[in-house]
Amino acid sequence: MKIFVVEDETEICKELSVLLQKYGYAYESSTDFAHITDHILKAEADLVLLDINLPYQDGYTICREIRKQSDIPIIVLTSRNTDFDELMSLNIGADDFISKPYNAQVLIARIQKILKRTYEAQVNSVLIHKGLTINLLKATASYGDKEVDLTKNELGILRLLVVNKGNVIPRDAIIDELWQSDEFIDENTLNVNIVRLRKKLSEIGAPDYLETKRGLGYKV
Amino acid sequence: MKLTDYIIDRLFSVVMFLVAVIFSMGLLWLMGLRYEFIIYIEIIFGFSFLAALLWDYTRKKKYYCGFMALFDGLDDKTLLAELIEKPGFLDGKLLYQILRLSNKYMNDKLAEAGATNQEYREYIEMWVHEIKTPITSAHLIIENDKNISTIRIDDELNKIDHFVEQALFYARSTTLEKDFKIEKTTLKTLVQEALKSYSKQIIEAHGRPIFENLDIPVFADRKWCIFIIGQIIANSVKYAKENLILTFEGSSFDNGCSLSISDNGIGITEADIPRIFDKGFTGENGRKFGKSTGIGLYLCWKLCRKMNMEISVASSLENGTTVKIMFPKENLYLT
């Protein structure tokens, strides 16, 4: 799956490319904003992330131009968060609208949702680290030839740790991550979830996958 | 305009007239005229004088009564000079002229101030949108390299983001336009979005949200409501004791529904409650904690008023505070 990013801020471009590649998407972008529509159409991407404030022409114009020739899904990402911008984006054929500053998990979730809806086929969204494969859409973890189903919270915890592999993630940050996906849990619930996750991981043969850093947090 | 007031105003002419009557009476008496003639002549003088006085009184009374009625009935008092009719008497004409000129001057000044205000608001909105780009980049940089210190920087970024948001809503609250969009949503969505935005602060305070009966549909502007609820949550976190519990409770009525947000924090002294929504008011808690700006609740109140919503606060010291927001039914927006 290839995602084309139309964004004139190089920092955001750079970080989006890292983020998207972490989740297994191919990434392409261009700085030739005068002919950006041609580049988008030529790239044969599966989805476009489009900023509104751009040099030469604004995102609305680009969106209209693309729509004349292609039905490729478009997500508008912008700091102009007035109701007018939102309505305008959806009216000219964008599929979704996310205002800055956006939460990276929300962005990834929306991308997954739209790709799934548009291409119907199961999008292969997996994270692999130290032999453990996490399938984000099926909510499973597999190690060797064994597979186990994960609950929403367990998947959230594991995803956060694997995406930031090697780094210690504090407990507060894990709770926060789960809050962002509408699970308003407290510390006790987190403890229960961690225990269950450990148990499941040892069932499939990865008993010490999750490391505890006393007083700091967890890491994989 | 009472008759007695008018007579007092005309006291000098009345006195002069009486003096003239007395002197002419004496003169005519000295001339040896018969009393009947003298009285007859004085009656003619008196009648003419009174008639002139009454005529002048009625036309002025009519004019100024109309003037006052027009003034009271006008919503926008600055239009007064455009609407009153020109009076028929000299002093009225002069004042009319002056009023028109001063009104025009005032309206020019008003327009000028309005334009400056508008420009400033536009600048703030632009600035807010500009600053969001680096905030987004920084969030993404952290997202790609989460560790103990970057996560702490992320928390600080969120604080910056909240201040920026407050500036944006402050700019929006100062204009008369109703630039919000009413859409159907639920209390649950509004509360959850606001909680997500302040998640880290609540988690650090070991806070726990409790939801009660929030599956109530409401018609409101999502962004504005999330901002308002966020401000209230921020206050609860700021003035929390240990083990913060935030209770969000919805209830519906015939003509709308309400959302109560209660905490178990330090509460507010009774004396401070009536002024809690005043701009810049920080109160007892503000003095004790020194973190208060007196802007948050003021903005909540102002935004609520713009959206036809009501907001009220009840509190008991040491036990906690409850903020209640009333949402009107959809059809109230249509009128």
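Treat the numbers as computed from the prediction; the structure is a model and nothing was measured. Letters A, B, ... are given to chains in the order of the sequence lines, protein chains preceding strands, and every chain is numbered from 1.
Of the listed residues (V128(B), I131(B), V164(B), N147(B)), the greatest number of heavy-atom pairs within a distance under 4.5 Å of chain A belongs to N147(B). Comparing V18(A), I169(A), D186(A) by heavy-atom pairs within less than 4.5 Å of chain B, the highest count is held by V18(A). Most heavy-atom pairs under 4.5 Å with chain B: of the set Q180(A), K22(A), R171(A), this distinction falls to Q180(A). Among the candidates L195(B), I135(B), D155(B), the residue making the largest number of heavy-atom pairs closer than 4.5 Å to chain A is L195(B).
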Step-by-step side chain to side chain contact (heavy atoms under 4.5 Å, CB included) determination, I12(A) to T136(B) | CA-CA 7 Å; I12(A) 293 186; T136(B) 307; 4.1 Å; yes

Where do L140(B) and E11(A) land on the side chain to side chain contact (heavy atoms under 4.5 Å, CB included) test, with the steps shown first?
-> CA-CA 9 Å; L140(B) 282 173; E11(A) 276 305 314; over 6 Å; no

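No more than 12 heavy atoms of other residues, nucleotides or ligands shown are found within 6.0 angstrom of NZ on K14(A). The number of heavy-atom neighbours closer than 6.0 Å to CZ of R152(B), taken from other residues, nucleotides and ligands shown, is 12 or below. Annotation: R196(A), atom CZ; neighbour count of heavy atoms from other residues, nucleotides and ligands within 6.0 Å does not exceed 12. Annotation for E242(B): atom CD does not count as buried by contact number, only 12 or fewer foreign heavy atoms lying within 6.0 Å. Atom CD of E310(B) is surrounded by 12 or fewer heavy atoms from other residues, nucleotides or ligands within 6.0 Å. Around atom NZ of K238(B), more than 12 heavy atoms belonging to other residues, nucleotides or ligands sit under 6.0 Å away. Heavy-atom contacts from other residues, nucleotides or ligands closer than 6.0 Å to NZ of K2(A) number more than 12. More than 12 non-hydrogen atoms from other residues, nucleotides or ligands lie less than 6.0 angstrom from CG of N91(A).
Taking CG of N53(A) as the reference point, atom CE of M126(B) lies at 10.5 Å (rounded to 0.5 Å). Taking NE2 from H139(B) and OH from Y102(A), the interatomic distance works out to 10.5 Å, rounded to the nearest 0.5 Å. Remark: F184(A) CZ to I202(B) CD1 distance equals 8.5 Å, nearest 0.5 Å. With rounding to the nearest 0.5 angstrom, the OG1 atom of T133(B) is 5.5 Å from the CD atom of E9(A).
Contacts from residues 204-211 of chain B to chain A, taken as heavy-atom pairs separated by less than 4.5 Å, involve E204(B), H206(B), G207(B), R208(B), P209(B), F211(B) in sequence order.
Evaluation of the ring pair (Phe, Tyr, Trp, His ring centres under 6.0 Å) rule for H162(B) yields Y198(B) as partners, not counting sequence neighbours. Residues passing the salt bridge (charged side-chain N to carboxylate O under 4.0 Å, His left out) test with E211(A), sequence neighbours excluded: K213(A).
Salt bridge status for K196(B) with D182(A): present, with a side-chain N to carboxylate O gap under 4.0 Å. A salt bridge links K223(B) with E86(A): at least one charged nitrogen is closer than 4.0 Å to a carboxylate oxygen. A salt bridge links K146(B) to E177(A): at least one charged side-chain nitrogen sits closer than 4.0 Å to a carboxylate oxygen.
Neither the backbone nor the side chain of L157(B) comes within contact range of chain A; no heavy atom of the residue lies under 4.5 Å from a heavy atom of that chain. The contact between E187(A) and chain B is made entirely by side chain atoms (from C-beta outward), counting heavy-atom distances below 4.5 Å. Looking at D161(B), only its side chain comes within 4.5 Å of chain A, counting heavy atoms on both sides. Heavy atoms of D172(A) lying under 4.5 Å from chain B belong to its backbone as well as its side chain. With a threshold of 4.5 angstrom between heavy atoms, L160(A) approaches chain B through side-chain atoms but not through N, CA, C or O. Contact annotation for I148(B): both backbone and side-chain heavy atoms come within less than 4.5 Å of a heavy atom of chain A.
Residue pairs meeting the salt bridge (Lys or Arg N to Asp or Glu O under 4.0 Å) criterion with at least one partner in residues 46-64 of chain A, sequence neighbours excluded, are D51(A)-K100(A).
Scanning both residues, A104(A) and E143(B), for their nearest heavy atoms gives CB-CG, 3.1 Å.
Side-chain contact between N167(A) and D145(B) is present, with heavy atoms from C-beta onward closer than 4.5 Å.
Side-chain atoms of D176(A) never come within 3.5 Å of backbone atoms of S199(B) as a donor-acceptor pair (strictly under, hydrogens ignored).
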